[in-house]
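To start, the structure under review is shown below, and the notes come after it.
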Amino acid sequence: MASALPLGEPAPLDGLLPPSAADGARERAFGVYVHVPFCRVRCGYCDFNTYTASELRGARQVDYADHAIGEIRMSRRVLEASGVSVRPAETVFFGGGTPTLLPAADLVRMLDAVRAEFGLAAGAEVTTEANPDSVEAGDLARLAEGGFTRVSFGMQSAVPHVLAALDRTHDPRRVPLVVRWARDAGLDVSLDLIYGTPGESLGDWRRSVEAAIAERPDHLSAYALIVEDGTKLARQIRRGELAEPSDDLEADMYELADELLGAAGYEWYEVSNWAGAPEHRSRHNLGYWRGDDWWGVGPGAHSHVGGVRWWNAKHPSAYADRVAAGHSPAVGREVLDVATRETERVLLATRIREGLDVASLGAGGQHAVAGLIAGELVDAKAALAGALTLTRRGRLLADAVVRRLLED
């Protein structure tokens with residue numbers, strides 16, 4: 001089952017935002033996230049808001065683009081009526097689920113709706129996620145022709161038994177093929193990897209990282225497997241059928257990935273992300289980490305504008321019913337107070353390479369910097385120059401660093 005929505009106050013049917021959301025909007029970048037909640041099979045580790053064909057209960061994939069376009073049109077009206085400055089989208093990201101289970105024409109139609117309502121900034125980054133077995137060469141060419149600039153493939157591993165443990169269905173030998181098709185279409189390429197799968201050895205992980213590097217993607221992500229309550233994987237571990245991931249082995253895997261990627265010319269810019277050059281960093285994800293504004297379209301999608309966060313109805317049928325009735329699909333929201341916004345700023349900014357301005361921290365956080373330097377958790381030279389940047393050891397212990405920085 002997908003994870004539950006957070007607690008919060010009910011969102012109004014008209015979707016209007018409180019006046020505080022408009023403050024400083026012109027100075028913040030704006031992005032659009034489009035959630036496509038469909039998958040052929042549910043992976044055992046996944047608790048995202050996704051649905052296979054048997055779980056749709058009346059919703060239809062063929063209707064989805066029209067419902068999403070309805071929300072995109074509504075979003076501009078809501079922002080304008082709330083007094084929020086409407087800006088061109090600097091990034092658009094189609095995630096899921098598997099967006100490329102929809103026809104390329106539907107993805108382009110949804111992008112066209114964003115372009116019609118908000119415009120796209122010059123050089124806008126437009127990404128779709130894709131599974132290696134969910135696209136053909138013609139699909140990628142049509143996406144590029146329609147304005148997409150980037151594709152992020154869920155490679156996860158190059159080792160068959162690791163993919164099987166994750167319930168991934170693609171043949172790892174297909175990855176080079178889809179990367180070549182994306183290149184031929186003129187798209188930038190990102191590859192996503194997962195480490196710490198039960199039964200995965202350090203040698204298996206090396207094989208996957210080296211296979212990913214061999215494709216020379218513009219960008220790579222490597223995420224530690226998290227065992228989420230309620231998933232098939234969690235039940236298998238609880239029953240003793242699979243071993244729980246080892247924190248020590250996952251740390252070794254992270255260090256190995258960072259070494260191999262660094263040697264291959266990739267630079268980390270966020271704890272779990274590396275780019276071959278600064279221009280290939282995921283600008284959309286950087287918007288999240290920097291606290292910019294984004295509108296999340298689709299079932300269960302989350303949005304953030306000026307310290308107001310809200311989330312949509314989870315099931316595609318409930319989402320479609322609300323949009324069809326002319327109501328906002330948002331079902332809950334929260335207005336972040338000053339303390340919460342500061343905590344999130346420190347939490348997120350610490351994870352990125354540009355780091356935090358030491359002078360922006362409270363007295364307790366500034367006092368903690370000397371100890372973090374002594375513990376080799378932050379870069380000493382950068383910290384003395386006024387910027388707090390994590391070392392590799394610090395990246396492994398990022399949560400502990402944040403707790404220290406938030407101490408009174």
Side-chain angles (χ1 to χ4, degrees), residues 1-10 33 35-57 59 95-98 129 131 154 156-157 161-169 192-200 205 221-251 253-254 271-272 285 288-289 296 298-304 309-319 330-334 336 340 343-344 347-348 351 395-400 402-403:
M1 295 294 293
S3 58
L5 290 172
L7 298 175
E9 64 184 43
Y33 172 76
H35 186 65
V36 180
F38 309 119
C39 285
R40 285 202 180 101
V41 298
R42 179 175 296 284
C43 298
Y45 63 91
C46 180
D47 78 333
F48 293 167
N49 189 45
T50 61
Y51 301 84
T52 61
S54 64
E55 299 168 326
L56 288 176
R57 299 200 311 271
T98 309
E129 293 181 331
N131 287 343
Q156 316 310 2
S157 175
H161 79 82
V162 175
L163 290 171
L166 293 170
D167 291 326
R168 302 294 290 189
T169 58
D192 287 354
L193 299 171
I194 290 177
Y195 60 92
T197 301
E200 181 181 34
W205 176 237
S221 300
Y223 298 103
L225 180 67
I226 297 174
V227 180
E228 302 284 3
D229 289 342
T231 61
K232 174 186 172 183
L233 179 62
R235 293 191 293 273
Q236 289 174 310
I237 290 172
R238 189 170 58 249
R239 293 194 297 261
E241 298 169 7
L242 294 173
E244 190 159 5
S246 159
D247 290 343
D248 289 341
L249 179 56
E250 286 188 344
M253 288 175 166
Y254 182 87
V271 168
S272 300
N285 287 340
Y288 296 152
W289 300 317
H302 287 230
S303 303
H304 171 266
R309 186 158 49 214
W310 68 93
W311 44 91
N312 288 349
K314 284 185 64 174
H315 196 277
S317 292
Y319 169 81
V331 294
R333 75 177 185 191
E334 57 182 334
L336 306 180
T340 302
T343 297
E344 292 193 357
L347 173 68
L348 296 172
R351 295 182 62 87
R395 282 178 267 155
L396 288 168
L397 298 169
D399 290 346
V402 169
R403 286 195 294 271

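All residue numbers refer to positions in the sequence shown, counting from 1.
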Heavy-atom donor-acceptor pair, [X] side chain to [Y] backbone, under 3.5 Å:
X	Y	value
Glu200	Gly196	yes
Ser317	Ala59	yes
Glu129	Gly154	no
Asn312	Gly298	yes

For [X] versus [Y], what's the shortest heavy-atom pair and its separation?
X	Y	answer
Ala318	Ala313	CB-CB, 4.1 Å
Tyr51	Lys314	OH-O, 3.3 Å
Arg309	Leu336	NH2-CD2, 3.2 Å
Asp229	Ala234	CA-CB, 4.4 Å
Pro316	Leu56	CG-CD2, 4.2 Å
Ala330	Trp310	CB-CD1, 3.6 Å

For [X], check salt bridge (Lys or Arg N to Asp or Glu O under 4.0 Å) against everything at least two apart and list the hits.
X	answer
Glu228	none
Arg333	Glu9
Asp167	Lys232
Glu244	none

As an exercise, state the distance from [atom1] of [X] to [atom2] of [Y], rounded to the nearest 0.5 Å.
X	Y	atom1	atom2	value
Phe48	Thr231	CZ	OG1	11.5 Å
Arg403	Leu347	CZ	CG	11.0 Å
Ser272	Asp192	OG	CG	10.5 Å
Arg351	Tyr288	CZ	OH	14.5 Å
Ile194	Arg168	CD1	CZ	6.5 Å

* To do: Run the numbers on Thr98 and Arg40 for side-chain contact (heavy atoms from CB on, under 4.5 Å), then give the verdict.
  => CA-CA 8 Å; Thr98 309; Arg40 285 202 180 101; over 6 Å; no
By side-chain contact (heavy atoms from CB on, under 4.5 Å), which residues pair with [X], not counting sequence neighbours?
X	result
Pro245	Leu225, Val227, Ile237, Glu250
Arg57	His315
Ala165	Thr197
Arg238	Arg235

* To do: With sequence neighbours excluded, tell me which residues meet ring pair (Phe, Tyr, Trp, His ring centres under 6.0 Å) with Tyr254.
  => Trp274
* Structure fact -> Sequence neighbours excluded, the answer for ring pair (Phe, Tyr, Trp, His ring centres under 6.0 Å) partners of Tyr195 is Trp205
* Given Leu166 and Cys43, is the side-chain contact (heavy atoms from CB on, under 4.5 Å) satisfied, shown in steps? -> CA-CA 6 Å; Leu166 293 170; Cys43 298; 5.8 Å; no
* To do: Please assess His304 against Glu344 for the test side-chain contact (heavy atoms from CB on, under 4.5 Å), listing each intermediate value before the final yes or no.
  => CA-CA 13 Å; His304 171 266; Glu344 292 193 357; 5.9 Å; no
* **Test side chain to side chain donor-acceptor pair (under 3.5 Å) applied to Asp47 and Tyr45, step by step** => CA-CA 7 Å; Asp47 78 333; Tyr45 63 91; over 6 Å; no
* Identify, with sequence neighbours excluded, every residue that meets side chain to side chain donor-acceptor pair (under 3.5 Å) alongside Thr169. => Asp133
* To do: Not counting sequence neighbours, which residues clear side chain to side chain donor-acceptor pair (under 3.5 Å) with Thr52? List them please.
  => Ser54, Glu55
